Each structure stands twice: as C-alpha cells, then as structure tokens.
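Source: prediction; values computed, not measured. Below, chains carry the letters A, B, ... as their sequence lines are ordered, and counting in each starts from 1.
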Amino acid sequence: METKQPLQHVQMKDNSTQLKSLFNSYLDSKPLLTNPSALSISYSPTTIPHREKQVEELGRALAPALKGFRPSNVFVYGKCGTGKSLVVRFVTNELQQLARQKVRVIYVNCKMKKTANTEYRLLANIAEQLGKKMPDTGLPTDVMYRTVFDLIDSEEQAVILVIDEIDTLIAKTGDEILYNLTRINQDLKKAKLSLVGITNELGFLEKLEPRVRSSLSEEEFVFPPYNALQLQDILRERAKSAFASDVVGEGVIEKAAALAAQEHGDARRALDLLRVGAEIAERRGDVKINVTHIDASQEKVDYDRVIETIKAQPKQSQLVLMAIVKLSEKEQMIQTGEVFDNYEKMCKEHGMKSLTQRRVSDLIAELDMFGVIQTRVISKGRYGRTRTISLALDNNLKQKISTMLTEAL
DNA sequence: AGTCCACAGGAAGGGCAGGCGA
DNA sequence: TCGCCTGCCCTTCCTGTGGACT
C-alpha cells in the first residue's frame with residue numbers, strides 16, 4: 001500500500017507535464033487552417049464556380065420581386081452537394097440586399113427535425129422568422145395559417161419562401177400544405193408570396209396531386225453533379241480562404257476531388273475531406289497537408305457519419321442494429337425474420353419490451369435510409385417475400401460499432 | 001393455373017406528452 | 001382545471017407481392 005501512493009503521485013505529475021507540453025506545443029504551432037469556416041457547409045462564398053448559369057437563371061426568375069411583382073414559384077433539383085442551397089441562398093441574399101424592405105426571404109430546412117419537418121413546425125418556423133414566436137405545439141393548424149397569413153400580408157412586400165429538402169416534408173405530411181400555401185397567395189392583399197422548393201428527388205413533382213402540381217411549379221432548374229475537375233476548382237477557391245499559404249501539398253486537392261467525384265460529385269464531401277484532412281495533419285504536428293492525410297480523412301469522415309447517426313438513434317433502433325451486427329458475424333445476407341427473432345432475444349436479455357415486427361420493419365427501413373445497412377426486397381417464391389439486409393460497413397468499422405453498441409446498451 | 005409463404009408496407013387509430021385558451 | 005389541439009411512437013389490421021412449388 002505504501003509503495004502505491006507515491007507511484008500514483010508520480011503518475012499524476014507525469015500526465016500533467018505531458019499535457020502542459022502538449023498544450024504549449026499546440027500554442028506554439030502555426031495553424032494550418034486559418035479560417036476553418038471557409039470549408040464548412042454554412043460558408044457563403046462570393047463566387048460559386050461552375051454555377052454561373054444557375055445563378056443567372058434563378059436571378060432572372062426571382063428578379064420581378066424587385067419591381068413589386070410576384071416571381072414565379074421555382075423548383076430546384078439536384079443531388080446533395082451540387083450547390084442547390086448555396087445558389088438559392090446566394091441569389092436570395094443578393095436580391096434582399098438590393099431590394100431592402102421590399103423583399104423578404106424566409107428559409108426553412110425540412111430535414112431539421114423539431115424545426116420544420118411537420119406542417120405545424122413549418123408554419124411556426126415561418127411565423128418566427130417573420131417576428132412572431134409561436135408555441136412548439138398546442139395551437140390548431142388554422143390558427144397557425146391565419147397567423148402566418150397576417151404576418152405576410154402586414155405590409156407591401158414580396159415574400160420568397162425557400163423550402164429546402166421539401167421532399168422530406170411532403171413525404172411526412174402530404175402535399176396539402178403546398179396547396180394551402182399557394183392558396184394563401186390568392187387571398188393576399190398587400191404582399192406577394194413565392195415558393196422556392198429545393199429537393200434531391202428528381203421525380204418529386206410527379207408524386208404531387210395534379211391540382212397542387214399545376215399551382216406550384218412554374219419554373220424548374222436542375223443542378224447537375226460536379227465532375228472531378230470542377231470539384232478541384234471549388235476546393236482551390238475555398239482553400240485560398242481557409243489555409244495559410246503553401247500548406248496544401250501536391251495532389252491533395254486532386255485526391256479529395258477525385259474521391260468526392262466518385263460519390264456523385266458531392267462538393268460537400270470534397271470540402272469535408274479537405275477540412276478533416278487538415279485537422280488530422282494539424283493533430284499529427286505536420287506542417288503540410290499531404291495525400292495520406294486525405295486517405296485518413298476519408299476513413300474518419302465515414303466513421304464519424306456512421307457513429308453520429310447510430311448514437312442519435314433510440315435504444316430500440318440500436319437493438320435492431322445490434323441484432324443485424326451479430327447476425328452479420330455469421331452470415332452475409334440476413335433476412336427480416338431472422339433480425340426480428342434475434343432482436344426479440346436481445347430485448348429479453350436487456351429486460352426491454354420488444355416492438356412488433358411491423359415497427360421493426362420500419363426501423364430497418366430507417367437504418368437503410370441512413371446508409372448504415374443496405375437492404376433489398378426479394379421474393380423467395382414459395383418461401384415468401386422478404387428483405388435481405390447487409391451491413392454497409394467495412395470490418396474495422398463493424399467491430400468499432402459492435403463495441404460501441406455493447407457499451408451503449 | 002392455382003396455392004402458398006413471409007413478409008412489405010399502407011391506413012387507421014390509441015396513448016402519451018406538451019401546450020393553449022376559456 | 002378542463003377540453004382541445006398537435007407531434008410522436010407505436011400497434012393492429014389489412015392488402016399486396018412475386019416466384020417456388022404442386
């Protein structure tokens with residue numbers, strides 16, 4: 001016992017010294033990333049490479065707002081990371097600055113849970129941006145519509161309502177809300193309302209009822225994916241603002257662009273790869289970012305995305321995933337029935353009440369949507385119709401997730 | 001050609017929590 | 001306090017499906 005205490009003391013002193021030296025060397029080192037926000041999604045650049053045509057077309061469509069006319073409703077399509085939201089924000093910001101009080105832009109993102117993913121929340125969000133705080137729940141929907149209507153029509157103005165990820169909202173609430181919003185427009189006396197819908201889903205409009213479709217879409221723009229060369233231009237442009245000079249090594253931009261181009265030309269991913277690559281280089285104490293940092297970055301970006309998704313899931317969903325992970329250790333292709341049996345067993349082990357197969361089926365579909373697993377509906381003839389499930393993760397990641405879930409449950 | 005399996009997935013509604021207004 | 005409203009998670013009930021089997 002007597003020998004233990006001094007040992008512990010020495011250990012603590014060592015840690016402290018170690019940490020002090022780490023902090024000091026961090027303080028002394030020159031940061032590679034001088035302006036990290038330039039690589040973030042929310043950054044608003046002054047130029048958007050390879051989107052000149054889209055900026056001009058959208059600008060032309062919304063320009064009537066400057067003269068007090070109602071611009072056409074607009075729909076913007078394109079896969080994620082193709083610059084849709086960026087261009088819409090850019091154009092509407094410029095428009096608002098030029099028009100001052102005459103034009104008002106309201107931006108809502110329907111992917112943001114608890115913010116605008118239901119009819120009520122969307123209306124509450126609009127009301128809040130127009131200056132009136134509404135309760136999170138409790139009021140009848142017609143009261144919400146009336147409030148929003150009164151706020152919009154309170155002065156002579158052109159209101160441009162940008163609904164990002166509009167497909168998410170419609171999938172959840174139905175298209176009635178879009179019909180109601182276009183109807184509001186007919187009753188407005190002073191103000192004019194235009195909608196700008198942004199979606200990843202190209203066939204989105206076909207899903208809407210004809211009466212909604214006809215009232216809604218007056219102009220449509222498609223944003224094509226970026227190719228590797230275009231992504232390089234984007235990265236170079238952002239790198240100028242983000243990094244100190246001469247810290248981006250040879251081939252780094254090309255590598256990040258090429259990796260992102262493989263994923264349907266996603267600029268967001270390209271920026272993530274570069275940002276995380278820079279962070280890794282900094283942490284390793286390197287003075288330059290090189291391609292090995294981008295390789296490490298790719299692994300980390302994938303890992304972080306999956307871990308964050310899984311951590312955010314409710315316990316039941318984690319148990320379903322755990323059942324899939326355990327089954328995947330024995331076989332590659334798993335079926336819904338097996339997952340459910342395994343899940344029920346695990347519920348018993350953890351003293352939890354199990355959900356019905358119907359609900360578990362939905363949880364499996366959600367995990368698929370998040371990209372954690374891959375599923376495919378197949379028919380085995382006489383032996384029924386089912387979904388085959390496989391983990392969309394490499395062995396290393398699978399192992400880490402298994403450990404994480406075991407600790408979490 | 002008809003049957004059958006093992007689900008998928010849509011629709012309806014229950015129960016609960018949170019909030020509002022009278 | 002009570003009735004009403006919403007969102008959310010869930011169950012129950014149901015129809016649909018596609019290919020192997022008879």
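- For the segment residues 308-323 of chain A, no residue has any heavy atom less than 4.0 angstrom from an atom of DNA chain B.
- Under the salt bridge (Lys or Arg N to Asp or Glu O under 4.0 Å) criterion, the residue pairs touching residues 362-372 of chain A are A:R358-A:D362, with sequence neighbours excluded.
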Between A:D302 and A:R269, is a side chain to side chain contact (heavy atoms under 4.5 Å, CB included) present by the stated rule, with each step listed? CA-CA 10 Å; A:D302 287 342; A:R269 184 166 172 88; 3.1 Å; yes

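- Residue-to-nucleotide contacts include a donor-acceptor pair under 3.5 Å from the side chain of A:S379 to the base of C:dG18.
- Listed pair A:T386 / B:dC5 fails the phosphate criterion, with no side-chain N or O lying under 4.0 Å from OP1 or OP2.
- Across the protein-nucleic acid pair, A:Y343 atom OH and B:dC7 atom C1' stand 17 Å apart, rounded to whole Å.
- Of the charged side-chain nitrogens involved, none lies within less than 4.0 Å of a carboxylate oxygen, so that A:D341 and A:K345 do not count as a salt-bridged pair.
- The NZ-P distance, from A:K380 to B:dA8, rounds to 11 Å in whole Å.
- Taking 4.5 Å as the limit, some side-chain heavy atom of A:N396 sits within range of a side-chain heavy atom of A:K400.
- Between A:L123 atom CG and A:E128 atom CD the span is 13.0 Å, to the nearest 0.5 Å.
- In this structure, A:R359 atom CZ and C:dC14 atom P are separated by 21 Å, rounded to whole Å.
- A donor-acceptor pair under 3.5 Å links the side-chain atoms of A:S379 to the main chain of A:G381, judged by distance alone.
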What one-letter contact string describes nucleotides 9-14 of chain B from 5' to 3', where B marks a base within less than 4.0 Å of any protein heavy atom, S marks contact via sugar-phosphate atoms alone, and - marks no contact? BB----

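- Rounded to an integer number of Å, the gap from CD1 of A:I378 to P of B:dA8 is 11 Å.
- Of the inter-residue distances, the one linking A:T375 atom OG1 with A:Q335 atom CD reads 12.5 Å to the nearest 0.5 angstrom.
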Side-chain donor/acceptor pairs under 3.5 Å, residues 310-327 of chain A, sequence neighbours excluded:
| unit_1 | atom_1 | unit_2 | atom_2 | d |
| --- | --- | --- | --- | --- |
| A:Q313 | NE2 | A:T309 | O | 3.1 |
| A:K315 | NZ | A:A408 | O | 3.4 |
| A:Q316 | OE1 | A:Y343 | OH | 2.6 |
| A:Q316 | NE2 | A:K353 | O | 2.9 |
| A:Q318 | NE2 | A:I310 | O | 3.1 |
| A:Q318 | NE2 | A:Q313 | O | 3.4 |

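- Direction of the helix axis in the helix from B:dA1-C:dT22 to B:dA22-C:dT1 shifts by 20° between the two five-pair termini, rounded to 10°.
- Salt bridge A:R275/A:E279: present, at least one basic N to carboxylate O contact under 4.0 Å.
- For the pair A:E56 and A:R60, the salt-bridge criterion is met [side-chain N within less than 4.0 Å of a carboxylate O].
- In the model, A:R387 has a side-chain atom that pairs as donor or acceptor with a side-chain atom of A:S361 under 3.5 Å.
- A 4.5 Å side-chain heavy-atom check between A:L39 and A:F243 finds at least one atom pair inside the cut-off.
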Provide a list of protein-nucleic acid N or O atom pairs under 3.5 angstrom, restricted to nucleotides 1-4 of chain B.
none

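- Protein atom CZ of A:R376 is 14 Å distant from nucleotide atom P of B:dA8, rounded to whole Å.
- Between the side chains of A:S85 and A:D164, at least one donor-acceptor pair of N or O atoms lies under 3.5 Å.
- Here the P atom of nucleotide B:dC5 and the CD atom of A:Q335 are 16 Å apart, to the nearest Å.
- The pair A:R305-A:D272 does not count as a salt bridge, with every side-chain nitrogen at least 4.0 angstrom from each carboxylate oxygen.
- What separates CZ of A:F340 from C1' of C:dC10 is a distance of 13 Å, to the nearest Å.
- Rounded to whole Å, atom P of C:dC14 lies 17 Å from atom CD of A:Q357.
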